[in-house]
Asks: 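Could you have a look at this structure, given as C-alpha cells, before my questions?
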Amino acid sequence: EITQVVARMVLDSRGNPTVEAEVALAGGARGRAIVPSGASTGKFEAVELRDGGPDFGGKGVTKAIANVNGTIANAVIGYDARQQRLLDRAMIALDDTPDKSRLGANAMLAVSLATARAAANAARLPLTAYLGGVDATLLPIPMMNVINGGVHASNNLDMQEFMLVPHGAVSFRESLQWGVQTYAALKAELQAKSLSTTVGDEGGFAPNLHSHQEALELLVGAIEKAGFRPGIDISIALDPASTEFFIDGRYVLKGEDRTLTQEEMVDYYAQLVDAFPIVSIEDPMAEEDWAGWRLFTERLGGRIQVIGDDIFVTNPRLLERGFKESVANSILIKLNQIGTLTETLETMELARSRAYTTVISHRSGETEDTFIADFAVATGAGQIKTGAPARSDRVAKYNQLLRIEAMLGEGARFNDWVKRAT
Ligand code: PGA
Ligand code: ZN
C-alpha cells in the first residue's frame, strides 16, 4: 500500500531540470525514478510539463513537481503498488487530456516507474524479475551511438545517430566489449586524421565530415581496425531523425549541400544500404511524411529493420496506422513518449501481435536512472539503444545490463535476432 509520494527536481545529462519521484509503501519499501528528456522530440509525444518563464531558460519543472506532490499523491495514496494498471489508469483519468498536458507526462511517468520499483523492492525481487517473471532472460543487443550529429551535436552531420550493432557476440558482456574496442579504434582513427574527438549528447564523437558516406567509411574502418568483420560480427544502424531536416516537403542535407525529394531520399538510403553493412534505419522519413514512409518501407523493409520513432511516439493509435499503411516493421519504445508503464507495455504487445520488433531506447537528455536496462530484459525486447559506451548517463544502463547478465548466469540468453516483419 502506497503511503507517501514525493517529487523533487534533479538535473539531466544536459543540465536541464527533470522530475524525480519517490514512492514509499507501508512496510517500509521504497522506489525512486527519474524521467529523461528528448531533443529531437516527436510532435505527438505526451507533453513534458515545463514552467516557462526566466528560470532555467523556461525548462523548470516546479509545476510538474507540484502535481506529483499534490493531485497525484492525493489520488494514489492507499493504492496497492502491485496494481500498476489501476494506478496508471487512475493517473490517466485524473489528467483527462489526450496528451497528458494537465499533469505532465514527466510527473506521471516518474510516479508510474517509482511505484514499480517500490513494488519490486517490497516483493524482494530484482526489477527485471518483478516486471518480467522467470522468462525474463533475454539480454538486448546494444545499439551504440558512436557518431553523433543532427540536434545532438554542433557538427555538420545532418543525420543524428550512427550506431554499432555487435550482433555476432555470444553474450551481452562480449557485445559491449566489442563496442568499446571499436569505439576506441574509431577515436584513434579520428585522431590520426586530425578530426575532432569531442563528443555529442549521447557520448558519440561529433567530427565535421564531408558526407554521411564518410562517417560510414570511418565506422567500417574502425570495426576492421578493432579486429572485427563488418556485417558479420558488427553491423551498423542509423537514426537520421529526418524530421529535423524535412523542410517544406524536401529533405535538406545541409552538410552535403543537397536537397532531395522523397523518392531521391529513398534512393539515397538504398545506395547506403547497398554499400555498407547497415541492418537497421530509424526515422528515415519525417513524421509527417507518411507517403515517404510507405515508399521507404516498400523499397527496404524486406532487407533491413525499419524503426518508427517520431512517427509512432510509442503510441498505439499511431502504430495501428502504421500497420494499416504498411509503414515500418519495428517500433522504438520510449516510456516518456507515452507517459506510463502500462501504456508502454500495451504498445509493445500490439507491436508483437503484428511481428513488429521493439527497440527500447534512452533519450538524449538522460540521467543515472537505469530503469530501461531492466525493462529491456523484462520485456524480452532483444534490442536497446542507449548511447556510446562512454559518459555515465549512457554507461549506467550498460553496467546494469552487465549486472543482470551476471545475476542470470547460465540462464542468460543473447541475440535471438528477432524475425522481422516483411
Ligand atoms: P531524442 O533523440 O531523445 O533527442 O528525441 C533520440 C532519438 O531520436 O531516438
Ligand atoms: Zn530517433
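Fair warning: this is a prediction, and the values are worked out from it, not measured in the lab. Atoms within each ligand, like the ligands themselves, are counted from 1 in listed order.
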Asks: Checking the N or O distance criterion of under 3.5 Å, is ligand 1 in contact with A39?
Replies: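 Between A39 and ligand 1 (N or O atoms, distance only) the closest approach is under 3.5 Å.
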
Asks: What protein heavy atom sits nearest atom 9 (O) of ligand 1, and how far away is it?
Replies: K385 NZ, 2.7 Å

Asks: So which heavy atom in the protein is nearest atom 8 (O) of ligand 1, and how far is it from that ligand atom?
Replies: Q160 NE2, 2.9 Å

Asks: Kindly say whether D283 contributes a backbone atom to a donor-acceptor pair with the side chain of S242 at under 3.5 angstrom?
Replies: yes

Asks: What's within reach of the Zn ion (ligand 2), meaning protein N/O/S atoms under 2.8 Å?
Replies: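 Those protein N, O or S atoms (cut-off: under 2.8 Å from the Zn ion (ligand 2)) are D239 OD2, E282 OE2, D309 OD2.
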
Asks: Check for a donor-acceptor pair, side chain of E287 on one end and backbone N or O of K43 on the other, with a separation under 3.5 Å.
Replies: yes

Asks: Can you tell me if R391 has over 12 outside heavy atoms packed within less than 6.0 Å of its CZ?
Replies: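 For R391, atom CZ is not crowded (no more than 12 foreign heavy atoms under 6.0 Å).
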
Asks: Can you list the atoms of ligand 1 that are under 4.0 Å from a heavy atom of D309?
Replies: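 Matching atoms, with element in brackets: 7 (C), 8 (O), 9 (O).
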
Asks: Atom CE of M348 and atom OG of S353: how far apart are they, to the nearest 0.5 Å?
Replies: 12.5 Å

Asks: When you compare ligand 1 with R14, is there at least one nitrogen or oxygen pair between them that comes in under 3.5 angstrom?
Replies: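 In fact, backbone or side chain, R14 has no N or O that close.
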
Asks: What atoms in ligand 1 come closer than 4.0 Å to a heavy atom of G38?
Replies: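 Answer, ordered by atom number: 1 (P), 3 (O), 4 (O), 5 (O).
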
Asks: Cut-off 3.5 Å, side chains only: do D99 and S101 have a donor facing an acceptor?
Replies: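 Present: a donor and an acceptor within the cut-off.
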
Asks: Report the part of D283 in contact with ligand 1, treating N, CA, C, O as backbone and CB onward as side chain, heavy atoms under 4.0 Å; options are side chain, backbone, both, neither.
Replies: neither

Asks: Closer than 4.0 angstrom, basic N to acidic O: yes or no for K385 and D239?
Replies: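 Yes.
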
Asks: Of the choices E244, R363, K334, which has the non-hydrogen atom that lies closest to atom 7 (C) of ligand 1?
Replies: K334

Asks: For residues 257-291, which residue pairs qualify under ring-ring contact (aromatic ring centres under 6.0 Å, His included), counting only residues two or more places apart or in two chains?
Replies: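 Every pair satisfying ring-ring contact (aromatic ring centres under 6.0 Å, His included) with a residue in residues 257-291: Y269-F296.
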
Asks: Under 3.5 Å, is there a donor-acceptor pair between the side chain of E366 and the main chain of R363?
Replies: yes

Asks: Considering only heavy atoms, does S364 approach ligand 1 within less than 4.0 Å through its side chain, its backbone, both, or neither?
Replies: both

Asks: For P36, does its backbone N or O pair with a side-chain atom of N336 as donor and acceptor, under 3.5 Å?
Replies: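 Here the side-chain-to-backbone pair exists.
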
Asks: Relative to each other, are the rings of Y356 and F312 parallel, tilted or perpendicular (30° and 60° limits)?
Replies: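 Y356 vs F312 ring planes: tilted.
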
Asks: N/O of E202 under 3.5 Å from N/O of ligand 1, yes or no?
Replies: no

Asks: I'd like to check whether S40 has a polar contact with ligand 1, where a contact means an N/O of the residue lying under 3.5 Å from an N/O of the ligand.
Replies: yes

Asks: Just one of I333, L113, T128 clears the side-chain contact (heavy atoms from CB on, under 4.5 Å) bar with F375, so which one?
Replies: I333

Asks: Is a donor on one side and an acceptor on the other found under 3.5 Å between the side chain of N329 and the backbone of I304?
Replies: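 Yes, the answer is positive, given that a donor and an acceptor are paired below the 3.5 Å cut-off.
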
Asks: List ligand 1 atoms under 4.0 Å from D239, heavy atoms only on the residue side.
Replies: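 Contacts of ligand 1 toward D239, numbered from 1: 7 (C), 8 (O), 9 (O).
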
Asks: Which of the numbered atoms in ligand 1 are below 4.0 angstrom from a heavy atom of H152?
Replies: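 Numbered from 1, ligand 1 contributes 1 (P), 2 (O), 4 (O), 6 (C).
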
